[in-house]
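Worksheet: one structure, shown below.
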Amino acid sequence: MKRLLAVVLALMVFTVPAVFAEEAKPDLPDASQDKQVVIIYGGVTSASMGEMEEMWIKMVEELSGGSIKIEHHPDNELADDRTAIELTAFGDMGIGSSSTSPLATMYADFNVFDAPYLFSTPEQAWAALDGPVGTSIYEGIEELGLKGLMWCENGFRNLTTKDKLVKSPSDLSNMKLRTMENKLQMAAWSALGANPTPMAFAELFTAMQQGTVVGQENPLGIIDANSFMDVQGYVMMTRHIYTPYVVLMNLEMYNNELSDAQRAVIDYVSDYCEKWQRTRSQEIEGEILKKFEENKINVIRLTPEELAAFKQKLIDDKIYDQVKAAMIHPEYIDMLLAANQ
Ligand code: TK8
């Protein structure tokens, strides 16, 4: 009897998401008899996103009574960020995930997140994502055949270099840095004096290893999950930009292939997991910082004055005007700058 109980408990822990152990199942319509739908879900390379994706999948499969099945492709294994979203718009993939910056050529208001020093806390960024800015982007991308499911966190980005300590823009002089494939991010690094080299994320590790670029910039979660510090010597906590992850679904599939009950499950689970991932991302960042410091990795914290020098240089180069000129709703920039003083 005891052994049976142990087996049952072990199975429960394994198959039931932690969330249902703590709280009652949500009151959702029964989707178990609905026509089965299989969704191909392309995920990204970040520890908190990977954990979130697994939880999202378990919850959707369970709460839909098995009528939704997910085919998960984690870690960009099917496609890089922008390609994943293109495939999702075409319907070759059901759900794709991406940092916002490589999507700016598809929908110009994604550029709002390429304005440096627009947010100074994650809460400020979350307020923008959950407020009119995030909502209006979700509305706009429906024309591309995309349905917004989740605004998740990639996070504040920090500069890493192989062997160069960077404390002021002059330390960046002509430095070859990989940037995302985004005009405004390239413009910002040029304004700071660096030599930006855009490339897809998948090529980055080798580029650093072979010395094609001296450095790159990414949130701690990505730096750690991809072992960048094996080929980089310094992390400067520049926190120059906050880029979200956006998780999008093929709109036609969302509207026409799912039943009302299945849509209710997807909406509920996405809301739940979006909040969960943001908190988890923060926890993981704290753990990584501790681990880096214990392992004597050079983590350089810049003083407020040092950070202000980077920001000033970008303002002198009229970076906010450049961002606004690239947007459909330029007023969002002034709105967020005013809100986040
Ligand atoms: C990983 C990317 C990555 C992004 C980049 O799929 O390209 O530097 O920050 O996180 O989304």
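Values below: every heavy atom of this structure, side chains too, minus hydrogens, waters and symmetry copies. None of the values given here were measured: they were computed from a predicted structure. Order of appearance sets the numbers: ligands from 1, and atoms from 1 within every ligand.
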For this session: Let me see the working for Thr197 and Leu177 under side chain to side chain contact (heavy atoms under 4.5 Å, CB included), right down to the final yes or no.
Result: CA-CA 6 Å; Thr197 309; Leu177 290 182; over 6 Å; no
Problem set entry | Step-by-step side chain to side chain contact (heavy atoms under 4.5 Å, CB included) determination, Asn255 to Lys147 | CA-CA 9 Å; Asn255 282 339; Lys147 162 78 188 168; 5.9 Å; no
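When non-hydrogen atoms are compared, ligand 1 lies under 4.0 Å from the side chain of Asn76 (C-beta onward) but not from its backbone. Neither the backbone nor the side chain of Leu204 comes within 4.0 Å of ligand 1, counting heavy atoms alone. If you look at Gln216 next to ligand 1, there are no close heavy atoms at all, none under 4.0 Å.
In this structure, Thr83 OG1 and Ile85 CD1 are separated by 10.0 Å, a value rounded to the nearest 0.5 Å.
Of the protein's non-hydrogen atoms, Asn218 OD1, 2.6 Å is the one closest to atom 9 (O) of ligand 1. The closest protein non-hydrogen atom to atom 4 (C) of ligand 1 is Ser99 OG, 3.4 Å. The protein heavy atom nearest to atom 7 (O) of ligand 1 is Arg178 NH2, 3.0 Å. Of the protein's non-hydrogen atoms, Asp81 OD2, 2.5 Å is the one closest to atom 11 (O) of ligand 1.
The only option from Gln262, Gln36, Lys35 that meets the side-chain hydrogen bond (donor to acceptor under 3.5 Å, both in side chains) definition with Ser67 turns out to be Gln262.
Of all atoms in ligand 1, numbered sequentially from 1 with element shown, those under 4.0 Å from a heavy atom of Thr45 are 1 (C), 6 (O). If you number the atoms of ligand 1 from 1 as listed, the ones under 4.0 Å from a heavy atom of Val44 come out as 6 (O). Using a 4.0 Å cut-off to heavy atoms of Ile222, the atoms of ligand 1 that qualify are 10 (O).
Residue pairs meeting the ring-ring contact (aromatic ring centres under 6.0 Å, His included) criterion with at least one member in residues 57-101, sequence neighbours excluded: Tyr41-His72.
Polar contact check, Glu217 against ligand 1: no nitrogen or oxygen pair lies under 3.5 Å apart.
Below 30°, between 30° and 60°, or above 60°: for Tyr138 and Trp151 the angle between ring planes is below 30°, a parallel geometry.
Using a distance-only test at 3.5 Å, with no hydrogens or angles considered, no donor-acceptor pair links the side chain of Arg239 to the main chain of Phe156.
Within a 6.0 Å radius of CD in Glu77, more than 12 heavy atoms belonging to other residues, nucleotides or ligands are found.
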